[in-house]
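For reference, the structure is listed below as structure tokens.
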Amino acid sequence: MIKITFPDGAVREYPTGSSALDIAKSISDGLARKVLAAEVDGKVWDATRPIAMDASLKLLTWNDVAGKSTFWHSSAHLLAEAVEALYPGAKFWVGPPVENGFYYDIDLGGRSIVEEDLRRLEVKMSDLARQNEVYVRKEISKGDAVKYFSDKGDEYKLDLLQNLQDGEITFYTQGRFTDLCRGPHIPNTGFIKAIKLTNIAGAYWKGDDRNKQLTRIYGVSFPSQKDLDEYLRLLEEAKKRDHRKLGKELGIFTMDDDVGPGLALWLPNGTIIIEELEKLAKETELAAGYKRVVTPHIAKESLYLTSGHLPYYQDSMYPPMELEGQKYYLKAMNCPHHHKIFAAEPKSYKDLPLRLAEYGTCYRYEQSGELFGLMRVRCLHMNDAHIYCSKEQFYDEFKAVNEMYIKYFKIFGIEKFVMRLSLHEPSKLGKKYVNEPELWKETENLVRDVLVRTSTPFVEVPDEAAFYGPKIDVQIWSTIGKEFTLATNQVDFAQGRRFNLQFVSKENNPETPLIIHRAPLGTHERFIGFLLEHYAGNFPVWISPVQVKVLPISDKYIDYAQTILGSLKKADIRAEIDDRNEKIGKKIRDTEIAKIPFMLIVGEKELAEQKASLRRHGKGDLGQINLEDFVIQLTREIQARATD
RNA sequence: GCCGUUGUAGCUCAGUGGUAGAGCACUUCCUUGGUAAGGAAGAGGUCGUGAGUUCAAUUCUCAUCAACGGCUCCA
């Protein structure tokens with residue numbers, strides 16, 4: 001007998017060699033039908049794998065992340081089985097679960113597949129699933145494994161085997177398909193009741209663009225059709241929040257073929273949002289001791305040779321234009337210009353920290369396949385600033401920048417983000433990173449220290465630093481799941497030297513400042529793209545392009561509506577009037593769809609009492625109000641930059 | 001940049017080897033209506049661009065541009 005400890009601390013005895021599934025059955029058949037895998041002594045196992053000694057046990061179902069992953073991983077095997085059945089000779093790389101489903105990377109030997117193939121594969125997968133094929137685990141020697149895949153002619157699996165040793169190699173077989181896999185898997189394919197293959201994509205082998213491109217098939221699967229339907233519904237919901245769709249519907253921005261890819265045109269409504277954001281940034285930065293500067297959009301080649309950007313980032317810059325025998329580049333970053341401002345006059349320690357801020361317009365030649373609505377563009381307006389400080393001042397300055405992020409995020413109610421501490425990779429010194437091993441260590445420790453001492457949760461990511469120093473990126477996700485850096489806070493110990501920037505210390509010695517590059521609001525493009533999705537287009541009133549719409553019941557009340565409009569405008573409230581020849585129901589509907597926060601409806605009654613009927617977007621009729629009170633209240637809400 | 005898909009009116013989309021349709025939006029008229037779509041009429045498109053096949057191309061072929069889904073990249 002073995003002693004099994006359950007998550008609630010209960011200990012029960014079972015015959016040696018019982019599986020998690022056996023144990024579940026002993027509790028209830030209903031539970032056994034839901035068990036996908038098990039956590040045995042903290043490791044995820046097949047539910048069917050015999051347990052030979054005392055262990056702690058947690059049964060994993062669809063409601064556990066690990067249970068879901070196992071389910072999707074097994075679905076990937078099922079996909080591979082279907083692919084092998086329909087397209088003999090296919091070779092397989094890897095088929096992992098992902099956040100929302102699974103994929104399998106496959107070499108189809110020159111064959112390309114289309115949407116119809118996905119439907120055929122779905123049918124085949126469902127057929128195979130219905131056969132309740134058992135996932136059989138088998139430990140196998142490296143020699144036998146190599147022989148199996150050599151005979152099969154699958155060089156990808158052979159490549160995987162190279163890094164595995166005897167004793168850690170397992171095969172999983174379901175039906176006619178056998179895969180090299182460490183598992184675990186669900187008990188049998190019958191658990192997979194609903195399957196949707198979502199898309200086909202090319203994916204470089206091992207993620208290296210010098211390698212062959214494999215066919216990646218993405219899919220998602222569920223234990224019931226109802227779950228799939230719900231998932232598809234949520235996908236539809238997410239699409240409604242997509243900033244590209246909302247941006248068009250709300251008149252925020254547009255793109256035009258003649259202007260060029262990745263070059264957003266800001267429409268009047270979008271421009272209002274930009275101006276509100278800039279107002280916020282300018283107020284905040286003024287209070288934090290920043291000074292504003294303005295710099296040109298272009299500079300000579302020599303500037304970027306000095307900064308070091310040309311050797312590192314030329315591929316991401318627009319090609320140069322030639323004037324008077326000189327090469328000029330569109331600026332991809334503002335820092336070199338700001339460094340020149342620092343250098344324009346001699347500096348003493350008394351001038352530090354010097355904080356230079358600019359909403360700088362940058363142009364980056366992003367790869368065509370990378371462009372994505374407003375989130376990834378080729379012309380961007382950065383909430384940029386550079387802080388020049390001494391080593392002693394660094395901690396406070398860097399910390400203040402981090403606090404500024406948090407302050408902004410509170411204003412916008414941004415809660416789902418991850419702080420990412422990006423570090424250098426020592427083997428790439430002199431290539432991807434400036435060759436200053438000591439400075440790298442020192443500044444990375446300084447930055448980590450700020451995060452640790454301010455108890456900011458963060459993740460460390462190697463090989464993601466800027467070429468000039470480590471950084472903290474704030475990562476967010478678009479509604480369709482793409483990850484982006486929203487804000488960034490970077491240390492730069494390299495450019496100060498490259499530009500020979502100096503200040504005179506208290507001891508009358510020349511010293512090189514440390515530089516902090518920071519962009520708490522990222523760029524207008526990405527930030528507004530993110531805000532559109534974050535609020536689903538329902539902007540808080542302070543950034544709403546139109547804050548109040550005045551709706552006369554009929555044209556008899558247009559004059560009174562105009563009077564109200566006048567008072568609103570006098571109070572600097574962005575208001576419009578809907579004087580179309582439409583019924584009030586239609587006007588309300590159109591205003592609701594336009595996501596305008598407030599409506600003032602005026603007719604016979606309102607005119608008689610010199611009032612207005614208030615309606616709030618999404619909340620409906622709020623009854624009659626006194627206009628002066630409304631203006632006071634609304635102004636207060638706008639000034640507070642209230643979220644709702 | 002790479003793989004795949006798509007490209008018809010301002011928007012969402014239908015359609016055909018014989019030079020095009022719907023709904024919404026827009027304009028005009030009727031209606032003056034009280035909290036999410038009143039009615040009628042009208043206007044609007046070289047079917048992304050270029051070339052080829054054909055008596056004839058929006059439709060077939062090729063190229064190109066752009067968008068979309070991924071991959072790679074992301075100061």
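Note on naming: letters A, B, ... go to the chains in the order of the sequence lines (proteins, then strands), and numbering restarts at 1 for each one.
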query = Taking only side-chain nitrogens and oxygens of Arg589(A), does any of them come within less than 4.0 Å of OP1 or OP2 of rU35(B)?
reply = no
key: Nearest-Å distance once atom P is located in both rA67(B) and rU12(B)   = 15 Å
ask   = Honestly, is Lys482(A) close enough over Trp477(A), meaning NZ or CZ under 6.0 Å from the six-membered ring centre and within 45° of the axis?
value = no
Nearest-angstrom distance, C1' atom, rU54(B) to rC60(B) = 10 Å
ask   = Which whole number of Å gives the distance between the P atom of rU27(B) and that of rA43(B)?
value = 16 Å
Donor-acceptor pair present, Arg376(A) side chain and rC74(B) base, under 3.5 Å = yes
message = Using the side-chain heavy atoms of Glu592(A), tell me which of these nucleotides is nearest: rG34(B), rA36(B), rC71(B).
response = rA36(B)
task = Using atom CZ of Arg616(A) as one end and atom C1' of rA36(B) as the other, report the distance to the nearest whole Å.
result = 18 Å
key: Glu249(A) with Lys595(A): basic N within carboxylate O range, under 4.0 Å   = no
key: Integer angstrom distance from the C1' of rU6(B) to that of rU64(B)   = 15 Å
ask   = Are Lys587(A) and Asp590(A) ion-paired here, with the side-chain N under 4.0 Å from a carboxylate O?
value = no
inquiry  = It should be established whether Lys482(A) places a side-chain nitrogen or oxygen under 4.0 Å from OP1 or OP2 of nucleotide rG70(B).
reply    = yes
request  = Round to a whole Å and report the spacing from CD of Glu366(A) to P of rC74(B).
outcome  = 10 Å
ask   = What about Tyr204(A): does its side chain form a donor-acceptor pair under 3.5 Å with the base of rG1(B)?
value = yes
Single hit among His386(A), His309(A), His338(A), His339(A) for ring-ring contact (aromatic ring centres under 6.0 Å, His included) with Phe499(A) = His339(A)
message = Taking pairing as Watson-Crick or G-U wobble with both contacts under 3.5 Å, can you name the mate of rG69(B), or confirm there isn't one?
response = rC3(B)
task = Both distances under 3.5 Å, Watson-Crick or G-U wobble: report the partner of rC29(B), or none.
result = rG39(B)
inquiry  = For a quick test of reading the model: is some side-chain N or O of Ser368(A) closer than 4.0 Å to OP1 or OP2 of rG1(B)?
reply    = yes
remark   = 5'-most contact on RNA chain B (nearest-nucleotide basis), Lys206(A) vs Pro552(A), goes to Pro552(A)
task = I would like to know whether Glu460(A) and Arg420(A) meet salt bridge (charged side-chain N to carboxylate O under 4.0 Å, His left out); could you show each step before the answer?
result = CA-CA 6 Å; Glu460(A) 288 196 25; Arg420(A) 187 175 72 181; over 6 Å; no
message = Is it the case that rG1(B) (base atoms only) and Gln213(A) (side chain only) share a donor and an acceptor within less than 3.5 Å, ignoring hydrogens and angles?
response = no
key: Under-4.0 Å side-chain N/O to phosphate OP1/OP2 contact, Lys586(A) with rA25(B)   = yes
ask   = Which nucleotide in the list rG70(B), rA37(B), rU35(B) gets nearest to the side chain of Asp621(A)?
value = rU35(B)
ask   = Looking only at side-chain N and O atoms, does Tyr557(A) come under 4.0 Å of OP1 or OP2 in rG34(B)?
value = no
ask   = rG15(B) and rC55(B): how far apart are their C1' atoms, nearest whole angstrom?
value = 24 Å
key: Rounded C1' spacing from rC26(B) to rU59(B) in Å   = 30 Å
request  = Using the C1' atoms only, state how far rG38(B) lies from rA57(B), rounded to an integer number of Å.
outcome  = 44 Å
task = Using the ring of Phe598(A) (Phe, Tyr or Trp, six-membered ring only), decide whether Lys549(A) places NZ or CZ under 6.0 Å from its centre and within 45 degrees of its axis.
result = no
query = Of all the choices, rC71(B), rA67(B), rA36(B), which nucleotide is nearest to the side chain of Ala203(A) once you look at every atom?
reply = rC71(B)
ask   = Nearest to the side chain of Gln367(A) - rA36(B), rU32(B), rC73(B)?
value = rC73(B)
query = Of all the choices, rA67(B), rA66(B), rC71(B), which nucleotide is nearest to the side chain of Asp257(A) once you look at every atom?
reply = rA66(B)
inquiry  = Suppose you measure atom P in rG44(B) against the same atom in rG21(B); what distance do you get, rounded to whole Å?
reply    = 13 Å
inquiry  = Measuring from the side chain of Tyr218(A) (C-beta onward, heavy atoms only), which nucleotide among rG33(B), rG34(B), rG70(B) has the closest atom?
reply    = rG70(B)
